[in-house]
Amino acid sequence: MTSAEKPVRVRFAPSPTGELHIGGARTAIYNWAFARANNSTFILRIEDTDPERSTEENKQIILRAMKWLGLDWDEGPEVGGDFGPYLQTERFDTYAAALEVLKERDMVYPCFCTKEELDAKRAAAEATEGGYSGYDRTCRSLSPEEAQVRIDAGEPHVWRLKVPLDHGPVEFDDAVYGPMSFPIDVMDDMILVRSDGTPTYNFAVVCDDANMGITHVIRGDDHLSNTPRQVLIYEALGYDVPEFAHLSMILGPDGRKLSKRRNATSVEQYKEMGYLPDTLINFLALLGWSLDGETTIIDRDTLTKNFSLDRITKKDAILDEEKLDWMNGIYIQNMGASAWVDAVAPFLIEAGLCTAEDIEQNRAWFEKLYPLVAERMKRLTEAPEKLAFIFDGPNVTLDEKSVQKNLLKEGCRADEVLREVREILADESIPWECDPLQDKVRELTEKLDLKAKLVFQPVRVAVTGSQVSPPLFESIELMDRDDVLARIDYTLAEVFGA
Ligand code: GLU
């Protein structure tokens, strides 16, 4: 079978070194969307060969971020699959087997050069006009017998690839970058297996991609220079070379490389900043790919139906924070009350406004908060501030500026308005619902001969504490009558000494 005929299988292969970087998340999204668009298999492989950083906790961080984004994998940790294990540290026997294959094919040789020798060679080469162009292949000319004697004597050695010297340029057709060609003489005899027996990245990744039947390698363009090396390893092992698609960088709004100091860089951070997973999927998908060059709201369904490699651009993508906020606002508006409650719950709890049990027991009430703010927020983090007043029971924190402008302004008659409104709100014959209460209060404009604003704003300040709030009577409906009356009484006493 040629690679074009094989069932499509793609993988996301993060090294668990900390949080999931948004560049990594975009790579994951592209692989996932490509797999879904082709009704094929998306594999998660954990490249955990760095013993210091590849902790269980770091692996869990990746899995959590993937699940939060809703990027479900068909094979990998927790779900298993026919091509496992899916952690590189559990695949060492496969790398050892591949090394044996390469030995048999005479495509590798042991190298006994010490670090000191290699450093000295490099320094000497760098001092010449041609500069350093890789390992000078000293050990390649050792006879097999001589090499074996040294191995048997326990001399430390690495295994290097015998790059075929008569090979023409290494070529591949990148789905994003187009035809790529690398002269063979810049390819040094790279190390495949270190002296402690561990595989190098290039070796492990080729063994895994080949053994897992990966047909398309979609990854960051920081790996573009590794690819010709990997092509040589595929060829040495006699494997088909997959298709490659290298993704350009994501730059910060200032056009500079994203940095932890200047930017939010991890999925976790975006979550904490109040962005929705749906927003991030849409937003990151568009950092380097487009549906038709103009559509900006692309939900998961549209993305997974239409994603294709040929619409990926090689231009660096700029992360536009304003667009991200705008897009999140759209997703919040469209998500519906139930999903909103789930998403906003941690923020309300964190702000101390309620507990998880409160939400569980009064879910219907919490869902009614959604229309109060759905069209007025860009990030979930804004919810506690906008809604805090509702959770204050009989208490209200009066904003000084709002009091001055709406209660104490000359001629505004706010004390009179508040007393009249209090009477209406205390009248139990009026249903405690937005419309009837609001209609009654509106009648005051005629009775008192005041503009609507002069009636409603004092009530807003007395009940919510501020002249800016979610819709007033929709909010009042969700509050307790006694609490609302207590707030008006408090305001009258506090502001007018009445
Ligand atoms: N583990 C590599 C990384 O995190 C990915 C390798 C690849 O996709 O080939 O950069």
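As the structure lists them, so they are numbered: ligands from 1, and atoms in each ligand from 1. We're numbering straight along the sequence, starting at 1.
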Side-chain donor-acceptor pair present, Thr304, Arg300, cut-off under 3.5 Å: no
Passing option when Asp209 is tested against Arg11, Arg219, Arg91 for salt bridge (charged side-chain N to carboxylate O under 4.0 Å, His left out): Arg11
Parallel, tilted or perpendicular: rings of Tyr275 and Tyr270 (30°, 60°): tilted
Residue list, ring-ring contact (aromatic ring centres under 6.0 Å, His included) with Tyr370, at least two apart or on another chain: Trp340
Could you give the N/O to N/O pairs under 3.5 Å linking ligand 1 and the protein, each with its distance?
unit_1: ligand 1; atom_1: 1 (N); unit_2: Ala13; atom_2: O; d: 2.7
unit_1: ligand 1; atom_1: 1 (N); unit_2: Ser15; atom_2: OG; d: 2.9
unit_1: ligand 1; atom_1: 1 (N); unit_2: Glu47; atom_2: OE1; d: 2.6
unit_1: ligand 1; atom_1: 4 (O); unit_2: Ser15; atom_2: N; d: 3.4
unit_1: ligand 1; atom_1: 4 (O); unit_2: Ser15; atom_2: OG; d: 3.3
unit_1: ligand 1; atom_1: 8 (O); unit_2: Arg11; atom_2: NH1; d: 2.7
unit_1: ligand 1; atom_1: 8 (O); unit_2: Arg11; atom_2: NH2; d: 3.4
unit_1: ligand 1; atom_1: 9 (O); unit_2: Arg11; atom_2: NH2; d: 2.8
unit_1: ligand 1; atom_1: 9 (O); unit_2: Tyr201; atom_2: OH; d: 2.8
unit_1: ligand 1; atom_1: 9 (O); unit_2: Arg219; atom_2: NH1; d: 2.7
unit_1: ligand 1; atom_1: 10 (O); unit_2: His223; atom_2: NE2; d: 2.8

Partners passing side-chain hydrogen bond (donor to acceptor under 3.5 Å, both in side chains) against Asp106 (at least two apart in sequence or in another chain): Lys162
All side-chain hydrogen bond (donor to acceptor under 3.5 Å, both in side chains) counterparts of Tyr331, not counting sequence neighbours: Asn282
